[in-house]
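In what follows, a structure is listed as structure tokens, so that the remarks can point back to it.
Numbers here are sequence positions counted from 1. Ligands are counted one by one from 1 in listed order, and the atoms in each one are counted from 1 as well. Everything numeric here is computed off the predicted structure, so don't read it as measured data.
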Amino acid sequence: MTTAAADRSDLFPDRLVVAVDGTSGSGKSSTCRGVATRLGLRYLDTGAMFRAMTWWMLEHGVDVHDPAAVAARCAEPVLESGTDPAAPTITVDGVDVAAAIRTDAVTGSVSPVSTVPEVRARLLRLQREIIGADVQPVGIVVEGRDIGSVVVPDAPVKLYLTADAAARASRRAAEQGAADVAATEQLLLSRDAIDSGRATAPLVMADGAVHVDTTGYTLDEVIELVVGMVDRVGT
Ligand code: DC
């Protein structure tokens with residue numbers, strides 16, 4: 001269903017795309033928003049799109065563990081993503097779901113929904129429309145799991161962010177005000193396993209990606225590193 005990476009070298013020749021993939025809780029979102037803000041680029045959180053699709057399935061009583069049921073309905077929701085890094089937005093059928101897509105219910109169901117090839121094919125089309133949109137600024141920082149491998153395989157800057165599971169769990173738990181760091185770590189590890197093990201567009205380090213282990217670094221240090229990489233390829 002997804003387009004083969006090999007024939008996509010002509011995808012976005014006129015624009016800077018910074019492709020950032022990595023595990024849950026590795027600091028992708030904060031890093032990407034910081035880099036986009038510093039460089040005056042747009043920002044797209046593709047995880048939010050998978051979460052929005054999942055929210056809609058739950059709202060409509062679709063069994064998220066039934067791939068055929070999810071596939072049958074996944075063309076219906078109207079998703080809109082705002083790409084201002086200072087205030088990214090996401091709506092489904094006109095409803096602001098920015099908060100609703102971060103609930104435990106959505107987090108617990110997003111991996112099975114993301115494994116459905118029809119969901120991935122639809123969101124791939126939407127992601128490429130947003131990346132290629134005729135708007136200013138044209139450059140964009142895109143975060144997800146398959147950005148450098150499938151969505152924009154010819155992106156001039158590709159990063160693969162990871163961090164120790166314990167560090168990721170304590171960051172995530174702090175963000176969410178959750179007390180149980182061990183439980184958060186287990187949830188992160190089980191999402192990693194599903195994200196990496198699925199047949200369609202699994203989480204992998206893309207060809208040409210630079211691996212950054214963020215465990216020992218502050219957010220500002222990681223942003224600085226990525227800004228330096230982008231500067232070297234030229235904006
Ligand atoms: O980045 P996040 O945790 O908000 O992503 C939520 C889920 O969406 C994650 O478990 C895997 C899936 N996802 C994906 O399969 N492909 C992407 N490009 C982005 C996210």
Next item on the list: Please determine if R38 and D220 form a salt bridge, counting it only when a charged side-chain N lies under 4.0 Å from a carboxylate O.
Entry: no

Next item on the list: Could you tell me whether D21 and R145 make a salt bridge, using a distance below 4.0 angstrom between a side-chain N and a carboxylate O?
Entry: no

Next item on the list: Just jot down the ligand 1 atoms closer than 4.0 angstrom to any heavy atom of S111, in number order.
Entry: 10 (O)

Check: Near D195, which atoms of ligand 1 are under 4.0 Å from a heavy atom of that residue?
Finding: 9 (C), 10 (O), 11 (C)

Suppose we measure from [atom] to each protein heavy atom; which comes out shortest, and what is that distance?
{"atom": "atom 19 (C) of ligand 1", "value": "T46 OG1, 3.3 Å"}
{"atom": "atom 3 (O) of ligand 1", "value": "R191 NH1, 2.9 Å"}
{"atom": "atom 20 (C) of ligand 1", "value": "G47 CA, 3.5 Å"}
{"atom": "atom 7 (C) of ligand 1", "value": "V110 CG2, 3.6 Å"}
{"atom": "atom 16 (N) of ligand 1", "value": "R120 NH2, 3.0 Å"}
{"atom": "atom 2 (P) of ligand 1", "value": "R145 NH2, 3.6 Å"}
{"atom": "atom 4 (O) of ligand 1", "value": "R51 NE, 2.7 Å"}
{"atom": "atom 12 (C) of ligand 1", "value": "S114 OG, 3.4 Å"}

Item checked: Joint hydrophobic cluster, V70 plus I194, side-chain heavy atoms closer than 4.5 Å -> no

Checklist line | Stepwise side-chain hydrogen bond (donor to acceptor under 3.5 Å, both in side chains) check, E143 with T46 | finding: CA-CA 6 Å; E143 69 158 285; T46 64; over 6 Å; no

Next item on the list: Examine distances only and state if a side-chain atom of R15 and a backbone atom of I131 form a donor-acceptor pair shorter than 3.5 Å.
Entry: yes

Next item on the list: Show the numbers, then the answer: is there a salt bridge (Lys or Arg N to Asp or Glu O under 4.0 Å) between D45 and R51?
Entry: CA-CA 10 Å; D45 175 3; R51 287 172 178 273; over 6 Å; no

Margin query: In this structure, does ligand 1 have an atom that sits under 4.0 Å from one of the heavy atoms of R198?
Written below: yes

Item checked: Any N or O of D45 closer than 3.5 Å to N or O of ligand 1 -> no

Check: Among T200, T115, D146, which one satisfies side chain to side chain donor-acceptor pair (under 3.5 Å) with R120?
Finding: D146

Next item on the list: Could you tell me the separation between the OG1 atom of T31 and the CZ atom of R33, rounded to the nearest 0.5 Å?
Entry: 11.5 Å

